[in-house]
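Below is one structure; the comments refer to it alone.
Just so it is clear, the structure is predicted and the values come from calculations on it, not from any experiment.
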Amino acid sequence: MSTTITIVIIVVVVVIVLLVAWGLMRKRREHQRAEAEGIRERAAQQEFEVGQREARAEETAARSRATKAEAEVKAAQAEQLAQQAQVHHSDAADSRTELDKEWERADKVDPDSKSDDTKS
């Protein structure tokens, strides 16, 4: 075999190897594109579900804030009622003291009162 034929055979083999490699890379890229498209389709389907979950989370957070605000209002009302109750207790105690004084005064004024006899 001559050198020229050997070089031509080597060149043809290299060209065939390059064509096969190019074909395999092209096929691999097509497979990767198809795989990427499948991933994108699944991601698009999950996008809706994730959006729903985010909306539910925001709704729950809003309800939480509203409930907390209501609780704060109720706590303020309870504190106000406790203060009013304390004022009423104080007024009632003062009224009881005044009433007891009136009973004592009535007993002192009444000549038939037995409490006057027990004090003597």
Side-chain angles (χ1 to χ4, degrees):
M1 253 202 258
S2 74
T3 311
T4 307
I5 294 176
T6 306
I7 292 175
V8 169
I9 291 174
I10 292 174
V11 169
V12 169
V13 169
V14 168
V15 168
I16 291 173
V17 168
L18 288 175
L19 287 174
V20 169
W22 179 76
L24 289 174
M25 287 186 341
R26 191 168 164 219
K27 189 173 183 177
R28 182 174 178 223
R29 277 193 229 128
E30 286 300 317
H31 175 71
Q32 288 173 331
R33 284 187 188 107
E35 184 180 357
E37 183 62 29
I39 292 169
R40 286 187 183 96
E41 286 176 8
R42 287 190 302 275
Q45 290 171 351
Q46 291 175 353
E47 182 77 31
F48 178 72
E49 294 170 6
V50 169
Q52 284 183 323
R53 287 185 189 125
E54 290 171 338
R56 263 194 311 267
E58 284 302 316
E59 179 184 347
T60 303
R63 283 196 318 242
S64 171
R65 288 188 298 270
T67 301
K68 184 177 180 183
E70 289 173 12
E72 289 172 357
V73 167
K74 293 285 185 186
Q77 289 174 342
E79 181 62 29
Q80 203 172 32
L81 288 172
Q83 290 174 357
Q84 287 177 357
Q86 188 175 7
V87 168
H88 290 307
H89 281 297
S90 178
D91 289 347
D94 292 345
S95 295
R96 174 58 65 191
T97 302
E98 288 297 317
L99 181 61
D100 288 345
K101 287 180 184 177
E102 286 297 308
W103 283 110
E104 287 176 20
R105 190 169 150 238
D107 287 345
K108 285 181 184 178
V109 171
D110 186 0
D112 297 328
S113 173
K114 304 227 189 254
S115 64
D116 192 34
D117 294 338
T118 58
K119 289 183 183 175
S120 301

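Evaluation of the salt bridge (charged side-chain N to carboxylate O under 4.0 Å, His left out) rule for Glu54 yields no partner, not counting sequence neighbours. Residues that satisfy the salt bridge (charged side-chain N to carboxylate O under 4.0 Å, His left out) test with Arg28, not counting sequence neighbours, are absent from this structure. Not counting sequence neighbours, the partners of Glu59 by the salt bridge (charged side-chain N to carboxylate O under 4.0 Å, His left out) test are Arg63. With sequence neighbours left out, the salt bridge (charged side-chain N to carboxylate O under 4.0 Å, His left out) criterion links Arg33 to Glu30.
Grouping Ile, Leu, Val, Met, Phe, Trp and Tyr residues whose side-chain heavy atoms lie under 4.5 Å apart, directly or via other members, places Val11 in a hydrophobic cluster with Ile7, Val15, Leu19.
Atom CZ in Arg42 sits 10.5 Å away from atom CD in Glu37 (nearest 0.5 Å). Here Arg96 contributes atom CZ and His89 contributes atom NE2; the two are 14.0 Å apart, rounded to the nearest 0.5 Å. To the nearest 0.5 angstrom, Glu102 atom CD is 10.5 Å from Asp100 atom CG.
In this structure, Ile5 is a member of the same hydrophobic cluster as Val13, with clusters built from ILVMFWY side-chain heavy atoms closer than 4.5 Å. By the rule that hydrophobic residues join a cluster once side-chain heavy atoms approach within less than 4.5 Å of another member, Met25 and Val17 end up as members of separate clusters. Two different hydrophobic clusters hold Ile9 and Leu18 under the rule that ILVMFWY side chains link at heavy-atom gaps under 4.5 Å.
A donor-acceptor contact shorter than 3.5 Å links the side chain of Ser95 to the backbone of Asp91.
Considering only heavy atoms from C-beta on, Glu98 stays 4.5 Å or farther from Asp94 through its side chain. Between Glu104 and Asp107, the closest side-chain pair of non-hydrogen atoms is not below 4.5 Å.
A side-chain contact (heavy atoms from CB on, under 4.5 Å) with Lys68 holds for exactly one of Arg65, Glu70, Glu72; it is Glu72.
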Which donor-acceptor pairs under 3.5 Å do side chains of residues 76-87 form with protein atoms, sequence neighbours excluded?
{"unit_1": "Glu79", "atom_1": "OE2", "unit_2": "Gln83", "atom_2": "NE2", "d": "3.4"}

